[in-house]
Amino acid sequence: MGQLAKSARKRISLLEFTRTFDSEEKAMRFFESVRWRKGRCCPHCGSTETKEATHKTMPYWCPSCRKYFSVRTKTLMEESRLPYLTWLTAIYLIRTSLKGISSTKLGNDLGISQQSAWFLGHRIREGWKANAPEMLMEIGGS
């Protein structure tokens, strides 16, 4: 599995990554495109009849269950105050590091504390572990 994962991995350069994701808005839109590939739906009730809202941290509203939500709701990013761009950059750094990355290095690279970097790395790895079958299918090209 390790060799397959390394050879099938599509990498973009750090420069290309920073050019592509040069704002918090672009990072948020990326997470939305990954989470809601078939269109936005409410994470509370599953309704697809959602509306944009004016709430600062919860930009969407569901008329069905009358709850606000964001792309973070009911994900590993929930209750995190770290920006989307920090999450996305951490995922990039962890994913492109062949031998892993320490929380100290991750924290230094992201400009956050070692404790926050440990939390971030732990959540990202737990998310990958929980979604391992789907990830293996994508890596294998099937």
Side-chain angles (χ1 to χ4, degrees), residues 1-48 50-62 64-142:
M1 181 188 91
Q3 291 295 60
L4 176 63
K6 287 179 187 175
S7 64
R9 195 180 286 172
K10 182 184 181 288
R11 288 190 65 168
I12 63 170
S13 70
L14 180 59
L15 186 58
E16 187 179 353
F17 176 83
T18 57
R19 285 181 180 156
T20 303
F21 301 106
D22 61 355
S23 70
E24 184 68 6
E25 176 75 17
K26 287 181 182 177
M28 182 185 75
R29 295 290 173 219
F30 172 78
F31 282 119
E32 287 179 349
S33 72
V34 171
R35 181 168 188 192
W36 297 315
R37 289 183 177 151
K38 296 178 184 176
R40 185 176 61 229
C41 64
C42 176
H44 301 289
C45 71
S47 172
T48 57
T50 62
K51 300 183 182 290
E52 291 194 15
T54 56
H55 193 277
K56 185 177 178 181
T57 60
M58 299 289 185
Y60 307 111
W61 185 73
C62 177
S64 298
C65 66
R66 305 180 59 83
K67 292 183 180 178
Y68 288 94
F69 65 94
S70 75
V71 72
R72 291 179 191 258
T73 306
K74 297 198 177 194
T75 69
L76 56 103
M77 293 186 291
E78 191 168 43
E79 298 182 17
S80 169
R81 292 187 180 157
L82 293 173
Y84 292 108
L85 195 51
T86 301
W87 276 92
L88 192 56
T89 305
I91 291 167
Y92 175 83
L93 293 172
I94 292 169
R95 183 74 174 107
T96 58
S97 176
L98 294 177
K99 295 187 178 190
I101 186 168
S102 72
S103 58
T104 304
K105 169 113 174 80
L106 187 61
N108 289 339
D109 289 349
L110 297 173
I112 60 176
S113 70
Q114 181 272 330
Q115 293 85 356
S116 293
W118 182 90
F119 168 81
L120 189 60
H122 182 73
R123 282 235 178 147
I124 290 167
R125 289 180 191 99
E126 285 297 313
W128 282 336
K129 188 170 23 171
N131 296 310
E134 293 84 15
M135 288 178 59
L136 291 175
M137 289 301 286
E138 288 179 22
I139 291 170
S142 300

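Residues: numbered from 1 along the sequence shown.
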To check you understand the geometry: which heavy-atom pair defines the closest contact between [X] and [Y], and what is its length?
X     : Y     : result
Leu15 : Thr18 : O-OG1, 2.9 Å
Arg35 : Ser70 : NH1-O, 3.8 Å
Met58 : Thr73 : SD-OG1, 4.0 Å
Gly46 : Cys41 : O-CB, 3.9 Å

(Q) Side chains of Gln114 and Ser103 only: does a donor on one sit below 3.5 Å from an acceptor on the other? (A)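 A pair is found: one side chain offers a donor N or O, the other an acceptor, under 3.5 Å apart.
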Working to the nearest 0.5 Å, report the span between [atom1] of [X] and [atom2] of [Y].
X      : Y      : atom1 : atom2 : result
Leu110 : Trp87  : CG    : CH2   : 11.0 Å
Ser97  : Lys105 : OG    : NZ    : 8.5 Å
Leu76  : Phe119 : CG    : CZ    : 8.5 Å
His44  : Thr50  : NE2   : OG1   : 11.5 Å
Leu14  : Tyr92  : CG    : OH    : 5.0 Å
Trp61  : Cys42  : CH2   : SG    : 10.5 Å

(Q) Quick check on side-chain contact (heavy atoms from CB on, under 4.5 Å): which of Ile94, Thr89, Ile112 does Leu106 satisfy it with? (A)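 Of Ile94, Thr89, Ile112, side-chain contact (heavy atoms from CB on, under 4.5 Å) with Leu106 is met by Ile94 alone.
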Q: With Arg72 as the cation and Tyr84 as the aromatic partner, state whether NZ or CZ is under 6.0 Å from the six-membered ring centre and within 45° of the axis.
A: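 Checked: cation-pi criterion met.
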Q: Begin from the C-alpha positions of Met28 and Glu25 and carry the test side chain to side chain contact (heavy atoms under 4.5 Å, CB included) through to its verdict.
A: CA-CA 5 Å; Met28 182 185 75; Glu25 176 75 17; 4.0 Å; yes
Q. Between Lys74 and Glu78, is there a side-chain N and carboxylate O pair less than 4.0 Å apart?
A.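 Between Glu78 and Lys74 there is no salt bridge, as every charged N stays at least 4.0 Å from the carboxylate O atoms.
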Q.
Regarding Lys129 and Glu126, does a basic nitrogen lie under 4.0 Å from an acidic carboxylate oxygen?
A.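 A salt bridge links Lys129 with Glu126.
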Q: Check Glu32, His55, Lys51, Glu52 against Tyr60 for a side chain to side chain donor-acceptor pair (under 3.5 Å) and give me the one that passes.
A: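 With Tyr60 as partner, side chain to side chain donor-acceptor pair (under 3.5 Å) holds for just one option, Glu32.
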Q.
For Phe21 and Phe17, take the angle between the two ring planes, folded into 0 to 90°, and tell me which bin it lands in: parallel under 30, tilted 30 to 60, perpendicular over 60.
A.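 Ring orientation, 0 to 90° scale: tilted.
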